[in-house]
Amino acid sequence: MGRDTIADIITSIRNADIHRKGTVQIASTNITENIAKILLREGFIENVRKHQENNKYFLVLTLRHRRNRKGPSRTILNLKRISRPGLRIYSNYQRIPKILGGMGVVILSTSRGILTDREARLEGIGGEILCYIW
C-alpha cells in the first residue's frame with residue numbers, strides 16, 4: 001500500500017490547528033510544496049520553509065495564530081480531502097464547486113500543475129479535485 005501524501009499534509013495541518021501548535025513539519029514532495037505555496041498565497045498559513053535532516057527534506061509550515069478561540073475542539077481552518085487513491089473525482093472547469101460561495105478554496109491537480117479553483121476557471125481547464133479548504 002502506498003501513502004497518500006495529500007491526506008497526510010491535510011491531517012497534519014488540521015491536527016496542529018486543533019491543538020494550537022505554531023508549526024507543522026511535513027515531508028517535502030513536489031505536490032506538498034505546491035499545496036503549501038497555495039496555502040501561503042491564499043493566507044491560510046504564515047510561512048513555509050524547507051528544512052533538511054539526515055539527507056531528508058521537510059517543509060516547516062507556520063500556522064496563523066487565531067485569537068479568541070476557546071476550547072481545543074473549536075477550529076477555524078477546515079480542510080477536507082475529496083479525491084483519494086481509491087476514488088478519483090474529476091471536474092471540468094464549468095462544474096468546479098464553489099466553497100462557501102467562493103470564500104473557500106478548491107485545490108485541483110490540472111495539466112498545468114496544482115491550481116486553485118479561481119485559477120482553473122480563468123484558464124478554462126478542469127482536473128482532479130484534491131481538497132477543499134475553508
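In what follows, every heavy atom counts, from backbone to side chain, and hydrogens, waters and symmetry copies are set aside.
- Ile45 contributes atom CD1, which lies 10.0 Å from atom CZ of Arg64 (distance to the nearest 0.5 angstrom).
- A side-chain hydrogen bond (donor to acceptor under 3.5 Å, both in side chains) check over residues 29-40, counting only residues at least two apart or in different chains, returns the pairs Ser28-Glu33, Thr29-Thr32, Glu33-Lys50.
- From Ser91, atom OG reaches atom CD of Glu128 across 11.5 Å, with rounding to the nearest 0.5 Å.
- Counting only heavy atoms from C-beta outward, the side chains of Ile107 and Tyr132 never approach each other to under 4.5 Å.
- A donor-acceptor pair is defined here as one N or O able to donate and one able to accept, closer than 3.5 Å; such a pair exists between the side chain of Arg81 and the backbone of Leu130.
- Contact check on Glu119 versus Arg41 returns a salt bridge, with a Lys/Arg side-chain nitrogen under 4.0 Å from an Asp/Glu carboxylate oxygen.
- When hydrophobic clusters are built by joining Ile, Leu, Val, Met, Phe, Trp and Tyr residues whose side-chain heavy atoms come closer than 4.5 Å, directly or via intermediates, Ile6 is grouped together with Val105.
- Under the 4.5 Å side-chain heavy-atom criterion for Ile, Leu, Val, Met, Phe, Trp and Tyr, Ile35 and Ile133 are members of the same hydrophobic cluster.
- Between Ile114 and Ile38 there is a side-chain heavy-atom pair separated by less than 4.5 Å.
- Here the CD-CZ distance, from Glu123 to Arg112, works out to 4.5 Å after rounding to the nearest 0.5 Å.
- With sequence neighbours excluded, no residue forms a salt bridge (Lys or Arg N to Asp or Glu O under 4.0 Å) with Arg49.
- Considering all non-hydrogen atoms of both residues, Leu61 and Ile26 come closest at CD1-CD1, 4.0 Å.
- Counting only heavy atoms from C-beta outward, the side chains of Leu79 and Ile13 approach each other to under 4.5 Å.
- A salt bridge links Arg118 with Glu42: the distance from a Lys NZ or Arg NE/NH1/NH2 to an Asp or Glu carboxylate oxygen falls below 4.0 Å.
- No more than 12 heavy atoms of other residues, nucleotides or ligands shown are found within 6.0 angstrom of CD1 on Ile31.
- Between Ser12 and Val24, the shortest heavy-atom contact is CB-CG1, 3.7 Å.
- Heavy-atom minimum distance, Cys131 versus Ile10: CB-CD1, 3.5 Å.
- Side chain of Arg14 to backbone of Asn78: no donor-acceptor contact under 3.5 angstrom is found.
- The hydrophobic clustering, which links ILVMFWY residues whose side-chain heavy atoms are closer than 4.5 Å, places Trp134 and Ile96 together.
- Residue Leu40 is not grouped with residue Val60 when hydrophobic side chains (ILVMFWY) are merged at heavy-atom distances under 4.5 angstrom, including chains of intermediate members.
- Looking at Ile9, Asn15, Asp8 one by one, the single match for side-chain contact (heavy atoms from CB on, under 4.5 Å) with Thr11 turns out to be Asn15.
- A distance of 8.5 Å separates CZ of Arg121 from OG1 of Thr116, quoted to the nearest 0.5 Å.
- Leu108 pairs in a side-chain contact (heavy atoms from CB on, under 4.5 Å) with only one of the listed residues (Ile125, Ile82, Ile129), which is Ile129.
- Distance CG/Leu63 to CG/Leu77: 7.5 Å, rounded to 0.5 Å.
- Residues Glu53 and Phe58 are in side-chain contact: their nearest non-hydrogen atoms beyond the backbone lie under 4.5 Å apart.
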